[in-house]
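Read the structure below first, then the notes.
Computed from a predicted model, the values in this text were never measured in an experiment. Letters A, B, ... are given to chains in the order of the sequence lines, protein chains preceding strands, and every chain is numbered from 1. We use all heavy atoms of the structure for the numbers below, so side chains are in, but hydrogens, waters and symmetry mates are not.
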Number of protein chains: 2
Amino acid sequence: MLFSQSCIYGIRAALLVAIRSQKDSDSFTPIRMIAEELNVSFYFLTKILQTLTKARIMESYKGPNGGVRMAMASEDIYLIDIIEAFDEDKVFDSCLLGLPGCRDDDPCPLHKEWKKSKGQLQKVFQRTSLAKLTKEADRLMFRL
Amino acid sequence: MLFSQSCIYGIRAALLVAIRSQKDSDSFTPIRMIAEELNVSFYFLTKILQTLTKARIMESYKGPNGGVRMAMASEDIYLIDIIEAFDEDKVFDSCLLGLPGCRDDDPCPLHKEWKKSKGQLQKVFQRTSLAKLTKEADRLMFRL
DNA sequence: AAGATTTAAGAGTCTCTTGTCATAAATACT
DNA sequence: AGTATTTATGACAAGAGACTCTTAAATCTT
Ligand code: SF4
Ligand code: SF4
């Protein structure tokens, strides 16, 4: 798997919250509700969303009517932001064979192809905002 | 990381043995020697190479002058064979968000791009034989 | 036959990720 | 004020993957 489980849940939760924020971007969504909709552990999801709030991607609010919401317009949140909040440089600095100290001019046999594919994916995540995905989700009814 | 550590060591060992078999394809290379050259644990590598011999990619021989060698011409061994021996369908059947029961017509928002990048990499592994890499290694002095 | 070398097999350990829980802190409502 | 609701925090348990070690089996050499 390319992403950690935490990262995956984080992306899915962010997408869900972003979709909900289209109708009402001010109110908070309880984590318990998100956990039920995504079918993941409430306890675990709580931990995970804390990293997103610490990264200033989401905001949280305690007490009744509390929960989490996006900290900014979903137009300004890109997938790469969420991924980096969890897996930092672990994904796109990663390499296939895990050799230390590689450079482009001192590569393993697979470096060229890996760099290409990795770069493509990275660009996708850098260019894809939550807003774009929520718009598509409206039309296509994506799975989450 | 895309590949498991076992898979990575397996690929590196296979490359090393394939390179050695250019000069002498009949003799066996002791696992201890491979472990030293690759700078990995001998014990662990022993386990790992057992999966390659079980997959009929390598052959082993016990006793003095024993070790492992490629089971066929390196022209006929493709990276995908080695990868599948370890991570089976875990890599190229894998998905970014890990949702169950996805289909192309019922995807998550990231499915399209992921499928594209994944397919590209898969093709590389399907088309790249050990022989091709050992030839390049001769010219370029790749890292292993 | 005996001893040395080398892989095979299986049990065991370490570490990191994943997941759980109990308790505390903040907020709202009455 | 008191109670219910909801996130925050930190300790803890379970699982998986990575790694180690011991013993057995095969083979060679003398
Ligand atoms: S050359 Fe590139 S792909 Fe190969 S081990 Fe180094 S960083 Fe990884
Ligand atoms: S749609 Fe594709 S990428 Fe998304 S969760 Fe399903 S299989 Fe994975």
Side-chain angles (χ1 to χ4, degrees), chain A residues 1-13 17 20 26-71 83 85-88 90-91 94 97-98, chain B residues 1-13 17 26-71 85-88 90-91 94 97-98:
Chain A
M1 259 199 278
L2 191 64
F3 295 149
S4 68
Q5 206 53 249
S6 300
C7 185
I8 290 174
Y9 292 163
I11 293 173
R12 291 173 65 201
V17 173
R20 284 179 56 89
D26 287 340
S27 73
F28 294 90
T29 305
I31 297 176
R32 184 150 256 134
M33 184 182 299
I34 302 173
E36 274 167 22
E37 292 214 29
L38 297 183
N39 218 26
V40 306
S41 150
F42 163 70
Y43 293 123
F44 195 26
L45 189 60
T46 295
K47 277 259 151 43
I48 287 164
L49 293 187
Q50 278 168 24
T51 52
L52 285 184
T53 57
K54 276 171 191 157
R56 311 282 180 142
I57 293 170
M58 284 188 176
E59 290 170 343
S60 66
Y61 197 79
K62 293 175 184 171
N65 306 318
V68 294
R69 70 181 179 197
M70 305 317 294
I83 292 164
F86 291 101
D87 291 345
E88 190 69 18
K90 279 169 206 136
V91 175
S94 80
L97 298 190
Chain B
M1 260 199 278
L2 191 63
F3 295 148
S4 67
Q5 203 58 249
S6 300
C7 186
I8 290 174
Y9 291 164
I11 293 172
R12 292 173 65 199
V17 173
D26 287 341
S27 73
F28 294 90
T29 306
I31 297 177
R32 183 150 257 133
M33 184 181 302
I34 303 173
E36 273 166 24
E37 293 216 28
L38 298 184
N39 217 25
V40 306
S41 151
F42 163 71
Y43 292 125
F44 195 26
L45 189 60
T46 296
K47 277 262 148 46
I48 286 164
L49 292 187
Q50 280 168 23
T51 55
L52 284 184
T53 58
K54 277 173 190 157
R56 312 281 181 143
I57 292 170
M58 285 187 173
E59 291 170 344
S60 67
Y61 196 79
K62 292 175 184 172
N65 306 318
V68 294
R69 70 181 177 197
M70 304 317 294
F86 291 101
D87 291 346
E88 190 67 19
K90 279 169 208 136
V91 176
S94 79
L97 298 190

Value rounded to 0.5 Å, distance of CD in A:Glu37 from CG in A:Leu45: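 Here the interatomic distance stands at 11.5 Å.
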Atom pair OG/OH of A:Ser27 and A:Tyr61 - distance to nearest 0.5 Å: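 Taking OG in A:Ser27 and OH in A:Tyr61, the distance rounds to 13.0 Å.
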Return the minimal non-hydrogen interatomic distance between [X] and [Y], and the atom names on each side.
X: A:Glu59; Y: A:Ala71; result: CG-CB, 3.8 Å
X: B:Phe44; Y: B:Ser6; result: CZ-OG, 3.9 Å
X: B:Gly10; Y: B:Leu52; result: O-CD1, 3.8 Å
X: B:Ile31; Y: B:Thr46; result: CG2-OG1, 3.8 Å
X: A:Cys7; Y: A:Asp87; result: CB-OD2, 3.6 Å

Closest-nucleotide 5' rank along DNA chain C - winner of A:Gly63 and B:Arg32: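 Result of the comparison: B:Arg32.
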Atom-to-atom span, [atom1] of [X] to [atom2] of [N] - whole angstrom:
X: A:Met1; N: C:dC16; atom1: CE; atom2: P; answer: 19 Å
X: A:Phe86; N: C:dT17; atom1: CZ; atom2: C1'; answer: 14 Å
X: A:Phe42; N: D:dT6; atom1: CZ; atom2: P; answer: 9 Å
X: A:Tyr43; N: D:dC12; atom1: OH; atom2: P; answer: 17 Å
X: B:Ile31; N: D:dA26; atom1: CD1; atom2: P; answer: 17 Å
X: B:Gln5; N: D:dA16; atom1: CD; atom2: P; answer: 19 Å

Main-chain N/O of B:Asp26 paired with B:Arg69 side-chain donor or acceptor, under 3.5 Å: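 At least one qualifying donor-acceptor pair exists.
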Counting just side-chain N and O atoms, does [X] come under 4.0 Å of either OP1 or OP2 of [N]?
X: A:Tyr9; N: C:dT18; result: no
X: A:Ser6; N: C:dT18; result: yes
X: B:Ser41; N: D:dC19; result: no

Bend angle of the helix from C:dA1-D:dT30 to C:dT30-D:dA1, from helix axes over five pairs at each end, nearest 10°: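 Angle reported: 10°, given to the nearest ten degrees.
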Nucleotide nearest A:Pro64 when distance is taken to its side chain, options C:dT7, C:dA28, C:dC21: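 The answer is C:dA28, which lies nearest to the side chain.
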Which nucleotide in D:dT20, C:dT7, D:dT29 has an atom nearest any side-chain atom of B:Asn65: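 Side chain of B:Asn65 sits closest to D:dT29.
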Side chains of A:Tyr9 and A:Leu38 in contact at under 4.5 Å (non-hydrogen atoms):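 The answer is no; the side chains never approach within 4.5 Å.
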Residues in contact with DNA chain C, drawn from residues 44-62 of chain B - heavy-atom cutoff 4.0 Å: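 Correct list: B:Lys47, B:Gln50, B:Lys54, B:Ser60, B:Tyr61, B:Lys62.
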